[in-house]
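Working notes for the structure below.
The structure presented is a predicted model; accordingly, all values stated were derived computationally and were not measured.
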Amino acid sequence: MTLKQIRDDQGRKVAYLTIEQGQAAPALPKGWAFEQVDDSPLWQPPTGVISDRQFAQALALEGIITQAEALAWAARGDLPEAMTEALAEIPEAGGRRFGAHMLLAGATTFERHHPLTDALGALLTNPETGTPYDAAALDALWSRAAAL
């Protein structure tokens, strides 16, 4: 009997599977893989909602915005430079940019699965990778923020 862990196509450890001697491993979706078990915990979906303070603090801790910008954003809704720059990339058509600006400046909670979350993630640079935030990086950010 062999214990394996399964990673999904985004690199998240999602399950364990015991394979009996001589038994064929089941097919996995494209990009998923079996690997040796390690000590890292199974991936857990992030909390769906974080406060504006948690969001601003998490972005400051990641180096996306400064601590002063995080305080001003959480206290008064003053948008940090990184958010202002990201908003400039959103089309003005149909009030989309204005709507996004209103949400960022006035929201007291932020939802992981709001359509704007992925759009903004794609416009911000993840300091760990130097690339835009993908779904896994946003999930990790939300999890870190929820713990603050």
Side-chain angles (χ1 to χ4, degrees), residues 3-18 25-148:
L3 181 64
K4 296 286 186 178
Q5 66 189 28
I6 301 172
R7 290 211 185 261
D8 69 8
D9 58 350
Q10 295 180 8
R12 302 175 297 200
K13 182 172 150 182
V14 295
Y16 294 105
L17 179 68
T18 302
L28 293 174
K30 183 179 180 181
W32 290 43
F34 289 107
E35 38 179 61
Q36 296 297 325
V37 175
D38 62 27
D39 291 335
S40 64
L42 285 177
W43 174 80
Q44 297 292 318
T47 181
V49 180
I50 56 176
S51 71
D52 56 342
R53 191 263 318 156
Q54 288 171 308
F55 189 39
Q57 187 175 353
L59 290 176
L61 291 172
E62 295 225 342
I64 300 294
I65 64 175
T66 67
Q67 290 181 4
E69 287 176 319
L71 288 167
W73 188 13
R76 299 185 304 273
D78 297 344
L79 291 184
E81 184 179 341
M83 289 300 168
T84 302
E85 291 172 358
L87 284 171
E89 299 297 319
I90 295 175
E92 290 184 17
R96 289 178 58 203
R97 184 181 301 162
F98 177 68
H101 191 148
M102 288 296 298
L103 178 71
L104 286 174
T108 57
T109 60
F110 289 91
E111 300 174 21
R112 168 60 187 95
H113 298 291
H114 189 283
L116 184 59
T117 302
D118 287 327
L120 282 173
L123 297 171
L124 296 172
T125 302
N126 182 341
E128 286 184 18
T129 63
T131 61
Y133 280 83
D134 60 14
L138 285 171
D139 288 348
L141 174 67
W142 244 252
S143 292
R144 286 189 297 275
L148 295 173

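Looking at Asn126 and Asp134, their side chains never come closer than 4.5 Å, going by heavy atoms from C-beta outward. Inter-residue side-chain proximity for Leu71 and Arg76 is flagged as unmet; no heavy-atom pair is nearer than 4.5 Å.
Counting non-hydrogen atoms of other residues, nucleotides and ligands closer than 6.0 Å to CZ of Phe98 gives a total of 12 or fewer.
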Using a 3.5 Å cut-off and no angle test, enumerate the donor-acceptor pairs between side-chain atoms of residues 27-35 and protein atoms at least two apart in sequence or in another chain.
| from | atom 1 | to | atom 2 | distance (Å) |
| --- | --- | --- | --- | --- |
| Glu35 | OE2 | Gln5 | NE2 | 2.6 |
| Glu35 | OE2 | Arg7 | NE | 2.6 |

Side-chain polar contacts of residues 58-70 - donor-acceptor pairs under 3.5 angstrom, sequence neighbours left out - could you list them?
| from | atom 1 | to | atom 2 | distance (Å) |
| --- | --- | --- | --- | --- |
| Glu62 | OE1 | Tyr133 | OH | 2.4 |
| Glu62 | OE2 | Arg144 | NE | 3.0 |
| Glu62 | OE2 | Arg144 | NH2 | 2.1 |
| Thr66 | OG1 | Glu69 | N | 2.9 |
| Thr66 | OG1 | Glu69 | OE1 | 3.4 |
| Glu69 | OE1 | Thr66 | N | 2.9 |
| Glu69 | OE2 | Glu81 | N | 3.0 |

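For Asp118, the salt bridge (charged side-chain N to carboxylate O under 4.0 Å, His left out) partners two or more places apart in sequence, or in a different chain, are Arg112. The salt bridge (charged side-chain N to carboxylate O under 4.0 Å, His left out) check on Lys13 picks up Asp38, with sequence neighbours excluded.
A distance of 10.0 Å separates CG of Leu17 from NZ of Lys4, quoted to the nearest 0.5 Å. Ile6 contributes atom CD1, which lies 10.0 Å from atom CG of Leu42 (distance to the nearest 0.5 angstrom). Expressed to the nearest 0.5 Å, how far CG of Leu104 lies from CE of Met83 amounts to 6.0 Å. With rounding to the nearest 0.5 angstrom, the CG atom of Leu116 is 11.0 Å from the CD atom of Glu111. A distance of 9.5 Å separates CG of Leu103 from CG of Leu87, quoted to the nearest 0.5 Å. Rounding to the nearest 0.5 angstrom, the gap separating the CG atom in Leu138 from the CG atom in Leu120 is 9.5 Å.
Residues Ala145 and Ile50 come closest through the heavy atom pair CB-CD1, 3.7 Å.
Annotation: side-chain hydrogen bond (donor to acceptor under 3.5 Å, both in side chains) contacts involving residues 85-100, sequence neighbours excluded, comprise Glu92-Arg97. Each ring-ring contact (aromatic ring centres under 6.0 Å, His included) pair with one or both residues in residues 48-70, not counting sequence neighbours, appears once here: Phe55-Trp73, Phe55-Phe110, Phe55-Trp142.
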Show your reasoning for whether side-chain contact (heavy atoms from CB on, under 4.5 Å) applies to Ile90 and Leu123.
CA-CA 9 Å; Ile90 295 175; Leu123 297 171; 4.0 Å; yes
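In this structure, Ser143 contributes its side chain and Asp139 its backbone to a donor-acceptor pair below 3.5 Å.
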